[in-house]
Q: 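Below you will find the structure I want to go over with you.
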Protein chains: 2
Amino acid sequence: MTTVPPPRRVAPTLEAVAAEAGVSRSTVSRVVNGSNQVSPDVEAAVHAAIERLHYIPNRAARSLANNQTMAIALVIPEDTTRFFGDPYFAAIVQGITRGLDESDYVLTLQVAQSHPREKTMRYLAGGNVDGAFVVSHHSGDLFPGSLASSMPVVYGGRPLRPDDPPAYFVDVDNVAAAERGTQYLINKGRTRIATVAGPPDMPAGLDRAAGWSAAMAAAGLSTERIAYGDFSLASGARAMRELLDRFPDLDSVFVASDLMATGAIQVLLERGLSVPGDVAVMGFDDSPAATSGTIQLTTVHQPSEAVGAEMARMMLALLRGEPVEHRRIMETHIVERDSA
Amino acid sequence: MTTVPPPRRVAPTLEAVAAEAGVSRSTVSRVVNGSNQVSPDVEAAVHAAIERLHYIPNRAARSLANNQTMAIALVIPEDTTRFFGDPYFAAIVQGITRGLDESDYVLTLQVAQSHPREKTMRYLAGGNVDGAFVVSHHSGDLFPGSLASSMPVVYGGRPLRPDDPPAYFVDVDNVAAAERGTQYLINKGRTRIATVAGPPDMPAGLDRAAGWSAAMAAAGLSTERIAYGDFSLASGARAMRELLDRFPDLDSVFVASDLMATGAIQVLLERGLSVPGDVAVMGFDDSPAATSGTIQLTTVHQPSEAVGAEMARMMLALLRGEPVEHRRIMETHIVERDSA
DNA sequence: TTGTAGGCGTTATCAG
DNA sequence: CTGATAACGCCTACAA
């Protein structure tokens, strides 16, 4: 049982440093902000004083004075558990924080669960951040363009809604990547290639299904063997069962995520089918899930953490007022392992 | 290619609202802060003005004036990917955000990767937050007591270091919970019960192993069948293999996390052993991982999200200056499913 | 019950 | 190159 001490801090201020160094506040402010208009000796003296007093600038005062919060929101429009259940997002967040490390910006977490999203909007609209990252399974269905007009917004993954006004985002070319993944299966001589697709209301789900479809069509193969999951392991298993029941003749499957692929493989083995012998399976992501199962996944690698880092870079540039291209597409490639 | 508009906001201020409502700033401030010293009609008028102008208080100004940041740090002393790879943490974060929802506090994410943790410390020491949540696999190995003396700190999970000064934390009784889980196996008639323990440098790993050990000893059973993992799925598989190699006679295994249990089961099945027939397996967590595999896990349930919510409640109380007990222990119970 | 006046710690504009 | 001197938007005695 203890009560916290009264809040008022006793941190040294600019003023104190100025006194200590025998100069004016303005001068201290200048050296703190790295102005080059200060004579070397004065600068040294100030630095010494700062050191001695352990001075750290007060963020609130700074914000108030120059109207910048030095904070960026990380908006997650859904349940954290679900969100982070997908290693892809964890990696993106990792990349974002890494990308912001060098800067003075701080990340504030905004979990906008369905209902109280109003609080989030008020927070953002209240000018409490200088920009926002939006990353989600259903990116774009939630954030009015009004937001983007008041501050830089960078999306992780292509927003679902039509591009008006054009949004900033970084993503991979899911269509092309899926096409290539499917082509790999075709090259291996597979012909009855099924797919476990992601939800049709998410860009990644949509695009990967489209890529599979395109590759199949181009090869003159049937595109009827399709089932949907929601990117979770369990849904992958479910979809695989459905596929097996409806198309017992399938000889391979292109799965839209490693997590789902893991579930699919479990079902395959459970039914006594060999992988890749009877059924080859191709994943997507190259997340930790790809190598944590019994069978190492052959999969389409996408640089998730790099996507996050790129988002950070984009945001920083936007914040500096530099011109920035709206979309940044990262490279993917196939990682050959044991499942196909 | 677009450049962002100049940053300066044009948000209405207290002043503007005052003018609009025909009162003074103080009065507006009072109604905004819910003072009861305002006559109903004036209050109504002010509210109307606020509504009309879409006024939102400026956080920086407020912070500056009353020396509170209304922000709480969420400190994660490690790789996000690894951190969120464990559903337990995702759930805790979920609980924290939920618990903070009603309040005006905001969460700032501090990923203190090994090296630049200094930045984090400076940030915290700089008075940029009013408190800090610390949640990690290795909680406690990193944060000097100095931090706790300058602001409320609430840990998720018992800190590893001796309790001086006593830290605030919420956790479950891992020893007792593990004991009960092991006892369940004993009650089922198992006798050669192995364990896949967590890392010995984490409280949860330590305590659960101790619980298993205690239950075994109390029943006069051998405590030699032990292997260690790091709470990841892959490590669970690895440990299970080791166990099988060293103790081919084992008839069950108490695993310190569902994720590891999932890996263990994969290995068991792979080796042609039936679960729970040949080997019963008991998990720990009751996370989504418990029900996402082929075999539904019997496991020790711990209320992860509630832990987070409780952390938030504790923090809020601390921030209000209310007396708060240092440790809050949440209940666990066994969930019977198919693996044991 | 309401208004006045300072101050919170910085930055920015202008003289010197 | 350096130092006054206003803001920045809000809170809070103190007065009225």
Side-chain angles (χ1 to χ4, degrees), chain A residues 6-47 49-50 53-71 104 125-130, chain B residues 6-47 49-50 53-71 104 125-130:
Chain A
R8 180 148 291 280
R9 277 197 310 140
V10 282
T13 70
L14 250 199
E15 184 89 50
V17 177
E20 174 81 9
V23 297
S24 73
R25 287 179 305 177
S26 321
T27 299
V28 178
S29 176
R30 288 193 190 93
V31 348
V32 168
N33 294 294
S35 162
N36 50 346
Q37 312 253 101
V38 190
S39 68
D41 45 333
V42 180
E43 178 169 349
V46 172
H47 271 131
I50 288 179
L53 268 38
H54 298 303
Y55 169 74
I56 300 180
N58 179 310
R59 228 168 161 101
R62 220 179 246 210
S63 291
L64 186 56
N66 66 12
N67 203 40
Q68 290 190 191
T69 64
M70 298 311 278
D104 284 326
N128 300 112
V129 293
D130 297 335
Chain B
R8 180 148 291 281
R9 279 197 310 140
V10 282
T13 70
L14 251 199
E15 182 89 50
V17 177
E20 174 82 10
V23 298
S24 75
R25 286 180 306 176
S26 334
T27 300
V28 178
S29 176
R30 289 192 190 94
V31 349
V32 167
N33 294 295
S35 161
N36 51 346
Q37 313 253 101
V38 189
S39 69
D41 46 333
V42 182
E43 178 169 348
V46 172
H47 271 131
I50 288 179
L53 267 39
H54 298 304
Y55 169 73
I56 300 180
N58 179 308
R59 228 171 162 97
R62 214 178 248 206
S63 291
L64 187 55
N66 63 14
N67 202 41
Q68 290 190 186
T69 64
M70 297 311 278
D104 284 326
N128 299 112
V129 293
D130 297 335

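Quick caveat, the model's predicted, so the values are computed rather than measured. Proteins get letters first, then strands, A, B, ... in listed order; numbering begins at 1 in each.
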Q: Please compare B:Asn36 and B:Ala61 by the position of their nearest nucleotide in DNA chain C and report the one closer to 5'.
A: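 Its nearest nucleotide lies further toward 5', so the answer is B:Asn36.
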Q: So which nucleotide from D:dT2, D:dC10, C:dT10 ends up closest to the side chain of B:Thr13?
A: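 Side chain of B:Thr13 sits closest to D:dC10.
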Q: Side chain of A:Asn33, heavy atoms from C-beta onward: which of C:dT10, C:dT11, C:dT2 has the nearest atom to it?
A: C:dT11
Q: Side chain to side chain contact (heavy atoms under 4.5 Å, CB included) between A:Val46 and A:Glu43: does it pass, once the steps are laid out?
A: CA-CA 5 Å; A:Val46 172; A:Glu43 178 169 349; 5.8 Å; no
Q: Using a heavy-atom cut-off of under 4.0 Å over every strand shown, decide if B:Ser29 touches base, sugar-phosphate, or nothing.
A: base
Q: State, to the nearest 10°, the angle formed by the axis through the first five base pairs of the helix from C:dT1-D:dA16 to C:dG16-D:dC1 and the axis through its last five.
A: 40°
Q: Kindly point out which of C:dG6, C:dT11, D:dG3 is positioned nearest to the side chain of B:Arg25?
A: C:dG6
Q: Less than 3.5 Å apart, any donor N or O on the side chain of B:Asn33 or B:Ser35 sitting next to an acceptor on the other?
A: no
Q: CG of B:Asn67 to CZ of B:Arg62: how many Å apart, nearest 0.5 Å?
A: 14.5 Å
Q: A:Asn58 CG to C:dT10 C1': how many Å, rounded?
A: 8 Å
Q: Can you check the B:Gln37 CD to D:dT12 C1' distance for me, whole Å?
A: 12 Å
Q: Apply the side chain to side chain contact (heavy atoms under 4.5 Å, CB included) test between B:His47 and each candidate in B:Val17, B:Val28, B:Val31; give the one that qualifies.
A: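 So the option named by the test is B:Val31.
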Q: Rounded off to whole Å, could you give me the CE-to-C1' distance for the A:Met70 and C:dT10 pair?
A: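 Interatomic distance, CE of A:Met70 to C1' of C:dT10: 14 Å.
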Q: Return the nearest nucleotide to the side chain of A:Arg62; candidates are C:dT10, D:dC11, C:dC8.
A: C:dT10
Q: Working to the nearest 0.5 Å, report the span between OH of B:Tyr55 and CG of B:Leu14.
A: 3.5 Å
Q: Check the pair A:Ile50 / A:Val32 against side chain to side chain contact (heavy atoms under 4.5 Å, CB included), numbers first and verdict last.
A: CA-CA 9 Å; A:Ile50 288 179; A:Val32 168; 3.9 Å; yes
Q: Rounded at 0.5 Å granularity, tell me how far CG in A:Asp104 sits from CZ in A:Arg59.
A: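 Reported to 0.5 Å precision, the distance equals 7.0 Å.
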Q: Determine the contact category for B:Val32: base if any of its heavy atoms lies under 4.0 Å from a base atom, sugar-phosphate if only primed atoms, P, OP1 or OP2 are that close, otherwise nothing.
A: nothing
Q: Report the nucleotide, chosen from C:dT2, D:dG3, C:dG9, that has the shortest atom-to-atom distance to any side-chain atom of A:Leu64.
A: C:dG9
Q: Answer with yes or no whether A:Ser26 presents, from its side chain, a donor or acceptor under 3.5 Å of a partner atom in the base of D:dA4.
A: yes
Q: B:Arg59 CZ to C:dT10 P: how many Å, rounded?
A: 20 Å
Q: How many whole angstroms separate atom CG of B:Asn67 from atom P of D:dA13?
A: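 Computing the B:Asn67:CG to D:dA13:P distance gives 14 Å.
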Q: Provide, to the nearest angstrom, the distance between the CD atom belonging to A:Glu15 and the P atom belonging to C:dC8.
A: 9 Å
Q: Could you check which of D:dT2, C:dT10, D:dC10 has an atom nearest any side-chain atom of B:Leu14?
A: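 So the side chain of B:Leu14 is nearest to D:dC10.
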Q: From the list C:dT10, D:dA4, D:dG9, which nucleotide is the closest neighbour of the side chain of A:Ser24?
A: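 Comparing C:dT10, D:dA4, D:dG9 against the side chain of A:Ser24, the answer is D:dA4.
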Q: Roughly, in whole Å, what's the span from CD in A:Gln68 to C1' in D:dG9?
A: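 Answer to the nearest Å: 17 Å.
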Q: Can a donor-acceptor pair be found between the side chains of B:Asn128 and B:Thr69 at a distance below 3.5 Å?
A: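 Absent: no donor and acceptor within the cut-off.
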Q: Within less than 4.0 Å of OP1 or OP2 of C:dG3, is there a side-chain N or O belonging to B:Thr27?
A: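 It does, given that an N or O in the side chain of B:Thr27 lies less than 4.0 Å from OP1 or OP2 of C:dG3.
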Q: Assess whether one donor atom and one acceptor atom, taken from the side chain of B:Arg30 and the base of C:dG3, lie less than 3.5 Å apart.
A: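 Checked by distance alone, the answer is yes.
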Q: B:Tyr55 has an atom OH; how far is it from atom C1' of D:dC10, in whole Å?
A: 7 Å
